[in-house]
Amino acid sequence: MRVLQPVRGTHDILPEEFRLHRLIGDTGAMVASRFGFEEISTPIFEFSEVFKRTLGDSSDIVTKEMYSFEDKGGDKITLRPEGTAGVARMLISGGLAQKLPLKYFYRGPMFRYERPQKGRYRQFHQLGAELLGVSEPQADIEMIALGALVLEALAITANLKLQINTLGNMESRAAYREALIKYFSTYRSSLSVESQMRLDRNPLRILDSKEKEDRSLIENAPEFSLYLDRESQKFFEIVCEGLELLSIEYSVNQRLVRGLDYYSHTAFEFTTDELGAQGTVLAGGRYDGLVEQMGGAKVSGVGWAAGIERLGMLVEKKPEVPRPIAIIPVTHVHNELAILTAYKLRRSGLQIELAYRGNMSKRLKRANRLSACAAIFLGGDEMERGFACVRDLDSGTQMEVPLVSLVDHLGRYRL
RNA sequence: GCGAGCGUAGCUCAGCUGGUUAGAGCACCGGAUUGUGAUUCCGGGGGUCGUGGGUUCAAGUCCCAUCGCUCGCCCCA
């Protein structure tokens, strides 16, 4: 019985939901193309090492969320938990560093082994964009702008907030990290259990702890801004000015840190309070150290990803069902004519449904349920004269149309 | 991995302090209606009451375990 259920955290995507996914993916691809991004696809699994190296051994994704297995050849394989690592690997293995800068858009399933809840699943879908090979802060501005426009195109604007922060360059970040470790170590025993673990693994994470015993300690923790060198400060200023130029509203959140180790400089998150505990809708940042860390050349990168399921819960206007035209043979002797007519009309590009069961009333009802926009009745005396009855199902008006000019007459129902 | 709530038809649910053969609405299928969407009427298919064990003369109902779902923690899209 158990095998007849989908694996925990996975779902079948039926047409209604699939239309929504497609709308979101297509909208993302379309908006990204205006920025010059082209759609790509990388494998949904990689050698586990690809993710281990890029995500950092200390990240939660690697320590407990990777969906991993060994294949028949004994290779350790992991279903991708996110998209950037695969793109970085592609850059290296495809020798694409010769062709920088590169702008890639992708969409597809991602996998994380964790307890499902609202807006979080073991197999979920993301769309994302990566801009590789541009070290200037203009790239950060463009990527945030792209994210904002994708959300705007999906009409996801209510209760949406953009938060940004800077993690500085590698040197600044390392210096701040040291300072944080030093500071929190002094008060180690006062920290929450979770934060004590963070102190060893990912001290920056303590800053956005929700535990109340951490609060006052966080209040008095050293400010990141004090550890930013001039280059890092300048970089962040340019990003902020760019957002202001574009009238993209944002707030700086010094507590905003990324869970993944390879980020530097800009980190940003579009959040909503409409999804319960999962507020993050679209998030990303700069990852200048990633490609090099994987063993490639030093290549700058800025990217973001958005969860399609989460976006779907925020899209107000659901995509419409495509409306077919129904062909209804009046009696079964007209079945052959019906199937032939359907074939011809489909060849001309129309969406046709054939009704071959039940009486007229039943067939019309079924056409109605399929939200058909029109019905074509084939049979009777008008057919012998070479005509078909075409009924507009919205207005209820009906007229006789010569069979030979059906295609022309139905042109009005073309999308 | 941890915590809480919930599992009865495809969906929403009823089923009393345990007591005949487990019900309703919606949906679906057929008929009234062999050339027209509504309404109405009649009929029909559908359930191992999540699963397993226990208590009992008797369990959908009580107890235990287990699986699943949902929400939250951690973390993240």
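Basis for what follows: all heavy atoms, side chains included, without hydrogens, waters or symmetry-related copies. Chain letters run A, B, ... following the sequence lines, proteins first and then strands; every chain starts at 1.
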Task: Separation of L311(A) CG from L127(A) CG (nearest 0.5 Å) - done: 6.0 Å
- [ ] Return yes if the base of G68(B) and the side-chain atoms of R8(A) contain a donor-acceptor N/O pair under 3.5 Å, otherwise no.
- [x] no
Open item on the list: Can you classify the ring geometry of H21(A) versus F18(A) as parallel (below 30°), tilted (30 to 60°) or perpendicular (above 60°)?
Closed with: parallel
Task: Nearest-neighbour nucleotide for the D381(A) side chain, G35(B), G37(B), A77(B) considered - done: G35(B)
Open item on the list: Any side-chain N or O of R115(A) below 4.0 angstrom from OP1/OP2 of U70(B)?
Closed with: no
Open item on the list: Looking only at the side chain of V330(A) (C-beta and beyond, no hydrogens), which of the listed nucleotides G35(B), C2(B), C75(B) gets closest?
Closed with: G35(B)
Task: E130(A) vs Y287(A), side chain to side chain donor-acceptor pair (under 3.5 Å): CA-CA, chis, key distance, verdict - done: CA-CA 10 Å; E130(A) 314 288 352; Y287(A) 49 88; 2.5 Å; yes
TODO: Output yes when at least one side-chain N/O atom of Q117(A) is less than 4.0 Å from OP1 or OP2 of G72(B), else no.
DONE: yes
Open item on the list: Is it the case that C75(B) (base atoms only) and R120(A) (side chain only) share a donor and an acceptor within less than 3.5 Å, ignoring hydrogens and angles?
Closed with: yes
- [ ] Starting at atom CZ of F105(A), determine the distance to atom C1' of A77(B), rounded to an integer number of angstrom.
- [x] 14 Å
Task: Nucleotide of G37(B), A77(B), G72(B) approaching L364(A) most closely (side-chain heavy atoms) - done: G37(B)
Task: Side chain to side chain, R310(A) and F124(A), heavy atoms closer than 4.5 Å - done: no
Task: C29(B) phosphate, OP1 or OP2, under 4.0 Å from R369(A) side-chain N/O - done: yes
Open item on the list: Heavy atoms from C-beta onward define the side chain here; which of G30(B), G37(B), C76(B) lies closest to that of R310(A)?
Closed with: C76(B)
Task: Whole-Å distance separating the CD1 atom of I156(A) from the P atom of A77(B) - done: 17 Å
Open item on the list: Under 5.5 Å centre to centre and under 30° between planes: does that hold for F124(A) and the six-membered base ring of A77(B)?
Closed with: yes
TODO: Ignoring the backbone of K365(A), work out which of G30(B), A38(B), C75(B) is nearest its side chain.
DONE: A38(B)
TODO: Would you mind reading off the distance between K362(A) atom NZ and G37(B) atom C1', rounded to a whole angstrom?
DONE: 12 Å
TODO: Measure the acute angle between the ring planes of Y176(A) and Y227(A), then classify it against the limits of 30° and 60° as parallel, tilted or perpendicular.
DONE: tilted
